[in-house]
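Each remark here refers to the structure printed beneath this line.
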Amino acid sequence: MTDSNVDVLVWGPMHASLMQAMARDFTVHNRWEINDLDAWIADHGARVRAIVTSGVYGAETALMERLPSLEVVTSFGVGYDAIDTSYLAGRGIRLSNTPDVLNNAVAETALALMLCVSRKISEAERFVRAGKWATGKFPLGHDLAGKTCGIVGLGKIGKTIASRAAAFDMQIAYFRRGEPYPNVPYTHYADLGELARDADYLVIIVPGGPETEHLIGRDVMRALGSQSYLVNVARGSVVDEKALVASLQAGEIAGAALDVFEDEPHVPVELLGMDNVVLTPHIGSGTYETRQAMAELVFANLSAYFNQGELVTPVVL
Ligand code: 8YV
């Protein structure tokens, strides 16, 4: 049984079952309900031993600096690019995320976006709702079957996307610098531009962070070409959004399907009026089943850390 005297600072509203479980076993402080955070930290900061946050909320280093007893950060989500891991490592603070449990949901989102942008599903729906069907013909879309799905980031989610895209009779190719992965049946490209040139759909699923910032720039989009689509279910930071807008305006790519953006929840206004662009509000992992599993895993990490001194799914820092 967890010692309920452990003080946990929750960075933002979380899944209801996680909030309930934490309230039962810990002394929980909801950051968003604290009126004067500065004064609160001065009074209580020294008691905080854990932060619960998400891939979207992150955790500001300036705030963590004022939590001298901080031992562990548990994050709801697989990506942790919004958390300064070298800072955590320097202080010996542990970090956990929620890998694997969201692979299916994010892969399904990627396939949904590919289908949506190719078959113009959102546009078609707008067409029907606007009463245009009676008087007009809706333009044709494109098959996924027989096309090449180029995956940037063949990790666990990337592989899950690959198997689903293969089930749609697509050819699968992927980008990885240097050597191919062993025992992977898909076509390897060590050069991103070459993959973009051969892909009909370029699906981005690499982790965010400085190493992948603006990996997808104007050059990659020009290589992708006017008949091909960009799909991003990773992080907004991976795609140079200004270059994407310029590419779309110039007709250099056929369209884009985007679940993530550089400055969420802000979406470049230029994209809002483009019918060949599908826009969703970071719903990659957003299913009841997956969010429940993520909530349970965050709690399991928190509990295991304070009861057994071990994390279930630690991030190696
Ligand atoms: C978010 C994600 O964490 O797993 C990730 O990296 O981006 C998402 O699952 C989640 O939406 C936070 O609420």
Side-chain angles (χ1 to χ4, degrees), residues 1-102 207-210 235 237 264-265 282 285 290-317:
M1 193 60 210
T2 309
D3 169 8
S4 62
N5 284 329
V6 172
D7 283 56
V8 175
L9 184 57
V10 184
W11 232 238
M14 292 279 170
H15 193 277
S17 70
L18 174 58
M19 296 299 295
Q20 271 169 19
M22 289 192 297
R24 188 191 61 219
D25 284 5
F26 297 95
T27 302
V28 173
H29 308 279
N30 294 334
R31 183 190 152 153
W32 66 99
E33 286 170 355
I34 298 170
N35 285 330
D36 185 344
L37 191 61
D38 229 38
W40 188 89
I41 288 182
D43 288 347
H44 305 277
R47 288 180 53 85
V48 173
R49 294 174 64 193
I51 285 173
V52 177
T53 187
S54 78
V56 170
Y57 299 139
E60 305 97 283
T61 303
L63 239 161
M64 291 194 282
E65 271 169 356
R66 300 179 59 200
L67 306 175
S69 311
L70 184 63
E71 294 169 44
V72 64
V73 176
T74 58
S75 186
F76 184 96
V78 69
Y80 46 86
D81 50 299
I83 301 168
D84 182 346
T85 48
S86 48
Y87 172 77
L88 297 189
R91 270 187 63 186
I93 297 168
R94 309 286 309 278
L95 173 65
S96 68
N97 63 346
T98 60
D100 297 328
V101 292
L102 43 62
R235 283 290 182 265
S237 60
E264 294 175 10
H282 201 145
S285 66
T290 293
R291 288 287 168 82
Q292 180 66 37
M294 290 164 71
E296 285 170 16
L297 190 49
V298 170
F299 187 73
N301 272 290
L302 201 58
S303 241
Y305 178 79
F306 285 106
N307 288 306
Q308 287 102 40
E310 294 289 344
L311 288 165
V312 180
T313 48
V315 173
V316 179
L317 300 175

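Positions are given from 1 along the sequence. The basis for the numbers below is simple: all heavy atoms, side chains too, and nothing from hydrogens, waters or symmetry mates. Since this is a predicted model, take the numbers as computed values, not measurements.
His29 and Asp7 form a side-chain donor-acceptor contact under 3.5 Å, judged by distance and modelled atom types alone. Checking Asn301 against Ser303 by side-chain atom types alone, no donor-acceptor pair falls below 3.5 Å. There is a side-chain donor-acceptor pair under 3.5 Å between Glu71 and Tyr305.
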* Asked: Taking it one step at a time, do Val52 and Met22 satisfy side chain to side chain contact (heavy atoms under 4.5 Å, CB included)?
  -> CA-CA 10 Å; Val52 177; Met22 289 192 297; 3.7 Å; yes

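Contact detail for Ser69 and Arg91: the closest heavy-atom pair is N-NH2, 4.3 Å. Nearest approach of Arg47 to Asn5, heavy atoms of both residues: NH2-O, 3.7 Å. For Ser237 against Gly209, the heavy-atom pair with the smallest separation is OG-N, 4.1 Å. For the pair Met64 and Ala59, the tightest heavy-atom approach, listed with the atom from each and the gap, is CE-O, 3.7 Å. Closest heavy-atom contact between Gly309 and Arg94: O-NH1, 4.3 Å. The shortest non-hydrogen separation linking Ala293 to Val101 is CB-CB, 3.9 Å.
Atom CD1 of Ile83 is separated from atom OG of Ser54 by 8.0 Å, given to the nearest 0.5 angstrom. Atom-to-atom distance recorded for Tyr87:OH and Ile93:CD1 is 5.5 Å, nearest 0.5 angstrom. Between atom OG1 of residue Thr313 and atom CG of residue Leu297 there is a gap of 4.0 Å, rounded to the nearest 0.5 Å. Between the CG atom of Leu18 and the CZ atom of Arg291 there is a distance of 12.0 Å, given to the nearest 0.5 Å. Between atom OH of residue Tyr80 and atom CG of residue Leu95 there is a gap of 7.0 Å, rounded to the nearest 0.5 Å. For the atom pair CG (Leu102) and CZ (Phe76), the distance works out to 9.0 Å, reported to the nearest 0.5 Å.
The side-chain contact (heavy atoms from CB on, under 4.5 Å) with Leu9 is formed by just one residue from the set Ile34, Leu70, Asn30; it is Ile34.
Side chain of Ser96 to main chain of Pro314: no donor-acceptor pair is present (N/O by atom type, distance under 3.5 Å, no hydrogens or angles).
The side-chain heavy atoms of Met14 and Met294, taken from C-beta on, include no pair separated by under 4.5 Å. At least one side-chain heavy atom of Leu63 sits less than 4.5 Å from a side-chain heavy atom of Trp11. Side-chain contact between Pro207 and Arg235 is absent, with no heavy-atom pair separated by less than 4.5 Å. Side-chain atoms of Asp25 and Phe299, non-hydrogen and from C-beta on, do get closer than 4.5 Å to each other.
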